[in-house]
Engineer: 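Quick one: structure below, then a few questions.
For reference, positions follow the sequence shown, starting with 1. All ligand and atom numbering here is 1-based and tracks the order in the structure.
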Amino acid sequence: MSINERIIVCGGGPVGMVAALSLVRQGIPVTILEAFEEPPRDPRAATIHASTLEMLHSLGLADGIKERGLMAPAFQFRDRKSQEIIAVFDMKHIADETDFPFAIQYEQWKLTRDALAAVQAHDIADVRLGSSVTAFSQDYEGVTVVYEDPGGEMHKVEGKYLLACDGGRSTIRIGLGVFMSGFTWGERFLVLTSEHDFAVSDGYLNRNYVMDPTEWFAVFKVPGDADQGIWRTLFPTEGHEKDEDLLSDAGVTQRIHGLRSDMDHNDILHRNLYTVNQRVADRFRVERIFLAGDAAHLNNPLGGLGLNTGIHDCLNITKKIGDVWFRRAKEDVFERYHRQRHQLATEFLQSVTIENKKRIEEKDPEVIHANQMQLRENSEDPVKAKAWLMRSSLLDSVRKEDAIE
Ligand SMILES: Cc1cc2nc3c(=O)[nH]c(=O)nc-3n(C[C@H](O)[C@H](O)[C@H](O)COP(=O)(O)OP(=O)(O)OC[C@H]3O[C@@H](n4cnc5c(N)ncnc54)[C@H](O)[C@@H]3O)c2cc1C
């Protein structure tokens, strides 16, 4: 085997680790370079949709997720002021379309950990944790990547192709000079995590969106580090609010107290603040280098689509790499990766997530009323509910992908 007979994956977050698993399961050697020594436990993605569960099942990961995650067979919309339940979307309406008619709440660090363990079981996997990529180059034969190891020493690896799964601030995307078109919202999102059981106190499901013209919020239950079951609440902030105020005891109390007057900052386990982008990279492929996951597209988290679509990217590109590797296809198939995933990220992912945000924060009373009536009708009519769920679970988007040449 010549030295560059491998794929290099930059970034072993959930997308990079799942991509690596997909490659080694096809018999393709992989080197993964990941800056962290172990997956960070910050509260980000936790909802895995039906379309993604189907893919993770094909990689042998779905059974563990089902066993350890929290089933979310339905999700709820409420009105904040009246506390009225506006709509409950029940996934039973897509039971004839998928073996996974539900979402599963499972933290992304656990998915990364599971994929890492599965990757390490393959002797063609070379996992280098604590390794930060600093530079790269490519020519007509392959790619060369430079990284710094945990001891500060610099190394060089060579491969046939490079998968850039290194997140929103991707070193590879920036190094390629690929622009991310789109915008950043003025407000940031504050995530407060607590052990307070919102199912018992307020009848919330494992996934809930609460509409309000002044301060909407979302409530999710996730398994938690010790599988004890914890709750995340997500709030918008005002653009002018300072980090230190938002994250202070007083700031945190103000937000959570608005939800339940018996709660304050002492009930909060973690406080996290996120910048919210809607951006898509102009190119998903530059010759031998492919962008996937947050390196390729960023969106607001309402609907839980960022990680899911990142995994869809990596299954698409790793299948094409397999086809080229084993000479079932020529390299021009890679351009189709750009066309398929770029189009879906631009037309589907951006519009759905912007729509989700606008619906929950709408200020005009007449539009709020119309939106709520529409949600109710969509959730109660089996045909409309199915159409809604096919879209929100990304089953539609995955099926449309094949039609994009
Ligand atoms: C509050 C919140 C809630 C969310 N909820 C959901 C949800 O429910 N469902 C959903 O689908 N999405 C959700 N998302 C989005 C989701 O978290 C991201 O889309 C997801 O993390 C993308 O995964 P990734 O592997 O592409 O990038 P990342 O998770 O950012 O991983 C990138 C990896 O690359 C590594 N890296 C970076 N630079 C280098 C380098 N130079 N060298 C080596 N390694 C490097 C990093 O250490 C990291 O491990 C949410 C996001 C937020 C903020």
Side-chain angles (χ1 to χ4, degrees), residues 8-20 31-49 51-53 69 72 75 103-109 111-113 115-116 127-136 145-150 157 162-175 188-193 206-207 218 220-222 232-236 270-277 279 281 291-314 345 349 352-353 356 392-394:
I8 301 173
V9 177
C10 173
V15 171
M17 221 41 102
V18 170
T31 292
I32 304 156
L33 302 168
E34 165 54 42
F36 285 118
E37 303 269 3
E38 59 176 54
R41 299 187 175 197
D42 53 334
R44 292 169 72 192
T47 301
I48 307 183
H49 290 295
S51 51
T52 312
L53 288 167
F75 59 95
I104 298 184
Q105 298 292 99
Y106 194 64
E107 295 96 327
Q108 73 177 52
W109 72 265
L111 171 60
T112 310
R113 177 199 60 189
L116 169 62
V127 183
R128 305 188 192 181
L129 301 176
S131 301
S132 292
V133 171
T134 56
F136 63 94
V145 175
V146 177
Y147 71 91
E148 185 177 349
D149 75 14
V157 276
L162 169 62
L163 257 174
C165 304
D166 49 346
R169 297 193 183 114
S170 169
T171 304
I172 307 293
R173 187 192 66 240
I174 293 166
R188 285 166 299 157
F189 287 0
L190 178 68
V191 177
L192 303 179
T193 308
N206 287 345
R207 296 176 61 211
F220 303 97
K221 188 175 185 186
V222 300
R232 292 184 189 165
T233 48
L234 184 150
F235 300 88
H270 308 291
R271 339 166 161 190
N272 297 80
L273 202 51
Y274 297 94
T275 302
V276 194
N277 289 289
R279 294 182 184 275
L291 306 181
D294 276 16
H297 45 78
L298 294 164
N299 54 270
N300 80 67
L302 296 173
L305 303 185
L307 169 61
N308 282 271
T309 47
I311 289 175
H312 299 185
D313 296 339
C314 77
L349 180 59
V352 171
T353 52
N356 288 346
S392 61
S393 65
L394 297 169

Engineer: Quick one: look at Ser170 and ligand 1, take heavy-atom pairs under 4.0 Å, and tell me if it's side chain, backbone, both or neither.
Structural biologist: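 Near ligand 1, Ser170 shows nothing, with every heavy atom at 4.0 Å or more.
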Engineer: Got the closest protein heavy atom to atom 27 (O) of ligand 1, with its distance?
Structural biologist: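 Looking only at protein heavy atoms, the one closest to atom 27 (O) of ligand 1 is Gly167 CA, 3.7 Å.
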Engineer: So which heavy atom in the protein is nearest atom 53 (C) of ligand 1, and how far is it from that ligand atom?
Structural biologist: Tyr274 CD2, 3.3 Å
Engineer: Examine the proximity of ligand 1 to Ser131 and report which part, side chain or backbone, both or neither, has a heavy atom under 4.0 Å away.
Structural biologist: backbone
Engineer: What residues form a salt bridge (Lys or Arg N to Asp or Glu O under 4.0 Å) with Arg207, not counting sequence neighbours?
Structural biologist: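 Scan of Arg207 (salt bridge (Lys or Arg N to Asp or Glu O under 4.0 Å), adjacent residues dropped) gives none.
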Engineer: Using the test ring pair (Phe, Tyr, Trp, His ring centres under 6.0 Å), find all partners of Phe136 that sit at least two apart in sequence or belong to another chain.
Structural biologist: none
Engineer: Within the 3.5 Å criterion, strictly below it, is a donor on Gln105 or Thr47 matched to an acceptor on the partner's side chain?
Structural biologist: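 Indeed, the side chains of Gln105 and Thr47 share at least one donor-acceptor pair under 3.5 Å.
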Engineer: Give the residue and atom name of whichever protein heavy atom lies nearest to atom 5 (N) of ligand 1, and the separation in Å to one decimal.
Structural biologist: Ala45 CA, 3.3 Å
Engineer: Does the His312 side chain pair with the main chain of Leu307, one donor and one acceptor, at a distance under 3.5 Å?
Structural biologist: no
Engineer: Number the atoms of ligand 1 from 1 as they appear, then name those within less than 4.0 Å of a heavy atom of Thr171, with their elements.
Structural biologist: 41 (N)
Engineer: Which is it for Asn272 and ligand 1 at heavy atoms under 4.0 Å: side chain, backbone, both or neither?
Structural biologist: neither
Engineer: At what distance is the nearest protein heavy atom to atom 12 (N) of ligand 1, and which residue and atom is it?
Structural biologist: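 Minimum-distance protein heavy atom for atom 12 (N) of ligand 1 reads Leu307 N, 2.9 Å.
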Engineer: In the structure I gave you, are the side-chain heavy atoms of Asp166 and Arg173 within less than 4.5 Å of one another anywhere?
Structural biologist: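 Contact flag for Asp166/Arg173 side chains = no.
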Engineer: Check whether any side-chain heavy atom of Cys10 sits under 4.5 Å from a side-chain heavy atom of Leu162, and report yes or no.
Structural biologist: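 A side-chain contact under 4.5 Å exists here.
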Engineer: When you measure from the side chain of Glu34 to the backbone N and O of Phe36, does any donor-acceptor pair fall under 3.5 Å?
Structural biologist: yes
Engineer: Regarding ligand 1, does Val133 bring an N or O atom to under 3.5 Å of one of the ligand's N or O atoms?
Structural biologist: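 Yes, there is a polar N/O contact under 3.5 Å.
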Engineer: Quick one: does ligand 1 sit under 4.0 Å from the side chain of Arg169, the backbone, both or neither, non-hydrogen atoms only?
Structural biologist: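 Arg169 to ligand 1: no contact under 4.0 Å from either part.
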Engineer: If you define the side chain from C-beta out and look only at heavy atoms, does anything of Arg279 sit under 4.5 Å from Asn299?
Structural biologist: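 Heavy-atom side-chain distance check fails, nothing below 4.5 Å.
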Engineer: When only distance counts, is Ala292 in polar contact with ligand 1, meaning an N/O pair under 3.5 Å?
Structural biologist: no
Engineer: Between Gln108 and Pro14 (side chain of the first, backbone of the second, donor and acceptor by atom type, cut-off under 3.5 Å), is there such a pair?
Structural biologist: no
Engineer: Is it true that Asp294 and Arg44 make a salt bridge, defined as a side-chain N closer than 4.0 Å to a carboxylate O?
Structural biologist: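 Salt bridge present between Asp294 and Arg44.
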Engineer: How long is the gap from CG on Asn272 to CG on Leu190, to the nearest 0.5 Å?
Structural biologist: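 One finds 8.0 Å between CG of Asn272 and CG of Leu190.
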Engineer: Would you mind checking which non-hydrogen protein atom is closest to atom 26 (O) of ligand 1, with the distance to 0.1 Å?
Structural biologist: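 The protein heavy atom lying closest is Asp294 N, 2.9 Å.
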Engineer: Is the shortest distance from a heavy atom of Phe189 to ligand 1 less than 4.0 Å?
Structural biologist: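 Judged by the 4.0 Å heavy-atom criterion, Phe189 does not count as contacting ligand 1.
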Engineer: Which of the numbered atoms in ligand 1 are under 4.0 angstrom from any heavy atom belonging to Leu33?
Structural biologist: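 Answer, ordered by atom number: 43 (C), 44 (N).
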Engineer: For the residue pair Asp313 / His297, report whether a side-chain donor-acceptor contact shorter than 3.5 Å exists.
Structural biologist: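 His297 vs Asp313: donor-acceptor pair found between side chains.
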Engineer: Test your reading of the structure: does Ala35 have an N or O sitting under 3.5 Å from an N or O of ligand 1?
Structural biologist: yes
Engineer: Any idea which part of Val15 is under 4.0 Å from ligand 1, heavy-atom wise: side chain, backbone, both or neither?
Structural biologist: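 Both backbone and side chain.
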Engineer: How many angstroms lie between atom CZ of Arg169 and atom CG of Leu298, to the nearest 0.5 angstrom?
Structural biologist: 10.0 Å
Engineer: Quick one: does Gly310 get a heavy atom under 4.0 Å from ligand 1?
Structural biologist: no
Engineer: Is any N or O atom of Leu234, backbone or side chain, closer than 3.5 Å to an N or O atom of ligand 1?
Structural biologist: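 No, since none of the N or O atoms of Leu234 sits under 3.5 Å from an N or O of ligand 1.
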Engineer: Is there any N or O on Ser132 that sits under 3.5 Å from an N or O of ligand 1?
Structural biologist: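 There is no such contact.
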Engineer: Give, for atom CG of Leu33 and atom CD of Glu148, the distance between the pair rounded to the nearest 0.5 Å.
Structural biologist: 12.5 Å
Engineer: Any donor-acceptor pair under 3.5 Å linking the side-chain atoms of Asn308 with those of Thr52?
Structural biologist: yes
Engineer: Should Gln108 be counted as touching ligand 1, given the test is an N or O pair under 3.5 Å?
Structural biologist: yes
Engineer: Please could you name the atoms of ligand 1 that Thr47 approaches to less than 4.0 Å, counting only its heavy atoms?
Structural biologist: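 With Thr47 as reference, the close atoms of ligand 1 come out as 7 (C), 8 (O), 9 (N).
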Engineer: Looking only at protein heavy atoms, identify the closest one to atom 31 (O) of ligand 1 and say how far it is in Å.
Structural biologist: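 Scanning the protein heavy atoms, the shortest distance from atom 31 (O) of ligand 1 goes to Gly13 CA, 3.7 Å.
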Engineer: What part of Ala46, side chain from CB on, backbone N/CA/C/O, both or neither, has a heavy atom under 4.0 Å from ligand 1?
Structural biologist: backbone
Engineer: What is the closest protein heavy atom to atom 49 (O) of ligand 1, and at what distance does it sit?
Structural biologist: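 Heavy-atom neighbour on the protein nearest atom 49 (O) of ligand 1: Glu34 OE1, 2.8 Å.
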Engineer: Please state which protein non-hydrogen atom is closest to atom 36 (N) of ligand 1 and give its distance, to 0.1 Å?
Structural biologist: Asp166 CB, 3.9 Å
Engineer: Counting only nitrogen or oxygen atoms and a 3.5 angstrom limit, does Gly306 reach ligand 1?
Structural biologist: yes
Engineer: Should Phe220 and Pro301 count as side-chain neighbours, where that means a heavy-atom distance under 4.5 Å?
Structural biologist: no
Engineer: State the atoms of ligand 1, each with its element, that fall below the 4.0 Å cut-off from a heavy-atom position in Cys165.
Structural biologist: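 Per the distance check, 32 (C), 33 (C), 34 (O).
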Engineer: Show me which atoms of ligand 1 lie under 4.0 Å from any heavy atom of Gly293.
Structural biologist: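 With Gly293 as reference, the close atoms of ligand 1 come out as 26 (O).
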